[in-house]
2 protein chains.
Amino acid sequence: MTTRSSAEAARDIPEATVARLPVYLRALTTLAEAGTSTCSSEDLASAAGVNSAKLRKDLSYLGSYGTRGVGYDVDYLRYQIAREIGVTQDWPVVIVGIGNLGHALANFSGFRSRGFRVVALLDADATRTGEEVAGVRVRPFDDLEDIVGEHGVAIGVIATPAVAAQDVADRMVGCGISSILNFAPTVLSVPAGVDVRKVDLSIELQILAYHEQRKAQGETA
Amino acid sequence: MTTRSSAEAARDIPEATVARLPVYLRALTTLAEAGTSTCSSEDLASAAGVNSAKLRKDLSYLGSYGTRGVGYDVDYLRYQIAREIGVTQDWPVVIVGIGNLGHALANFSGFRSRGFRVVALLDADATRTGEEVAGVRVRPFDDLEDIVGEHGVAIGVIATPAVAAQDVADRMVGCGISSILNFAPTVLSVPAGVDVRKVDLSIELQILAYHEQRKAQGETA
DNA sequence: TCCATTTTGTTCTCTCGTTCACAAACTCCT
DNA sequence: AGGAGTTTGTGAACGAGAGAACAAAATGGA
């Protein structure tokens, strides 16, 4: 069950590598826009901010898309990574919670350009529904099930206050969403098989504060 | 140079542990607000969404703050973690780039409540300066050096478009900022000694898409 | 054609992080 | 006072990730 030998082998790519593939993809796009058609692992690695050995090892999990002595074809590699990640297809996304953050997310241009399409903005606050943000009308949260069913949404974004987040997640899971991006500062509990990724501003700041404090201590010690 | 035996020993806490301490801190705050005065590692671990053995090992890097057979005193542990992270002190922060995201960040309540204080909002766009966001006036980006010098700012937040981010980072580093939280979708290059943490919406979505695609493949295979 | 040069793909080693399992230490009940 | 029952703190085994180093494969010039 773990080994497949077909040409379309579903190799299991390490999680750390998966997290870097989008970075490589962006670096390749930048290179392509600058008119570069070929690059070495060294070039791409420095554009992505990683070690070149690590880059080559990461790419080797996808297959053997480079040419020894030459390097990588930018467009070809870009397509291969995009395909591996899944951004060659179209991913409908719902965003729940249209506060300041929800607005910022709805207006974020990186969505459309990378295979993600915001099919609905939802908010429990009835006074917000009807409002239009980034060309999409805000609808009541209770429309969630209809929208998910209609568009086949698999990815949900939670941008609500912390107290509402678990309820939203439960509803999302209940109607078939299996990947959640959570901006609310709460630990979500979801059944196995549902992926949750968390983006938490204050945690990031606190990590910086820790290191900052240590730097300061070193100076005065 | 690496070993210190004083009571105030600066143990080197693993990076993975540092990243979890803020999660524990938040879980403890929630417990305290619920009126809980004591908790076991099992309780806290489930509130934080981690394994209890990992939690105990993480806490053991800080010291021995629990009581065997009893558990941890919520308030005491909370203080110890806050002190270790450095959020018992006040951290002045500047935010550069007052677009949708900058607005959301400026309004984010988690700043103040956790020891971070937004001392300035800066934007290169002159038409935005003078505007007031979350009680702080938007000022021109060129005021950066003055503000950093005046308030002793060590942490900067970049919420500009990608093209501007590297320039902003250079200016920040130039005037003494040594920790940067970067929301722009770009790899920043900074000198050694400067910490950069990156928050990138579209990378997170792409990671989810990858796993989502694999789930779908498994079903149809 | 053959050799020097370049650059990839991969093996090996080392470090870091996670989890298990258990001794040490504390409480409570008899 | 002593033993049963909890719960922490940590040593040790295990697994994953990072980086060095090198063989394999391509190019280009003589």
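Reminder, nothing fancy here: chain letters follow the sequence lines and each chain counts from 1.
Under 4.0 angstrom from either OP1 or OP2 of dT8(C) there lies no side-chain N or O belonging to Thr67(A). For the OP1/OP2 pair of dC16(C) and a distance below 4.0 Å, the side-chain nitrogens and oxygens of Tyr61(B) include no atom meeting the criterion. An OP1 or OP2 oxygen of dC20(C) is reached within less than 4.0 angstrom by a side-chain nitrogen or oxygen of Asn51(B). Neither OP1 nor OP2 of dT7(D) sits under 4.0 Å from any side-chain N or O of Tyr65(B). Here Arg20(B) reaches the OP1 or OP2 of dT18(C): one of its side-chain N or O atoms lies under 4.0 Å away.
With Asp43(A) contributing its side chain and Ser40(A) its backbone, the two residues share a donor-acceptor pair below 3.5 Å.
Here the C1' atom of nucleotide dG15(D) and the NZ atom of Lys54(B) are 13 Å apart, to the nearest Å. Residue Gln80(A) contributes atom CD, which lies 12 Å from atom P of dG9(C) at whole-angstrom precision. Whole-Å rounding puts the Leu55(A) CG to dT8(C) C1' distance at 11 Å. What separates CG of Asp58(B) from C1' of dC16(C) is a distance of 13 Å, to the nearest Å. In this structure, CD of Glu15(B) is placed 15 Å from C1' of dA18(D), rounded to the nearest angstrom. Taking atom CZ of residue Arg56(A) and atom P of nucleotide dC22(D), one finds them 14 Å apart after rounding to whole Å. To the nearest angstrom, P of dC26(C) lies 16 Å from CG of Asp73(B). In this structure, Asp12(B) atom CG and dT15(C) atom P are separated by 14 Å, rounded to whole Å.
Among Ile85(B), Val18(B), Asp195(B), the one residue that satisfies the side-chain contact (heavy atoms from CB on, under 4.5 Å) test with Ile207(A) is Val18(B).
For the residue pair Arg83(B) and Gln80(B), a side-chain donor N or O sits within less than 3.5 Å of a side-chain acceptor on the partner.
Residues of residues 32-44 of chain B that place a heavy atom closer than 4.0 Å to DNA chain D, in numerical order, are Ser40(B), Ser41(B).
Met172(A) and Val96(A) make their closest contact through CE-CG2, 3.6 Å (heavy atoms, listed as atom of the first residue, atom of the second, distance). In plain terms, the two heavy atoms of Arg117(A) and Asp90(A) that are nearest each other are NH2-OD2, 2.7 Å. When all heavy atoms are compared, the tightest approach of Ala184(A) to Ala165(A) is CB-CB, 3.6 Å.
Contact of Lys57(B) with dT19(C) (side chain to base): a donor-acceptor pair of N or O atoms is detected under 3.5 Å. At a cut-off of 3.5 angstrom, the base of dT8(D) holds at least one donor-acceptor pair with the side chain of Arg68(B).
Between Ala16(A) and Gly69(A), the one whose closest nucleotide on DNA chain D sits nearer the 5' end is Ala16(A).
With sequence neighbours excluded, no residue forms a ring pair (Phe, Tyr, Trp, His ring centres under 6.0 Å) with Tyr79(A).
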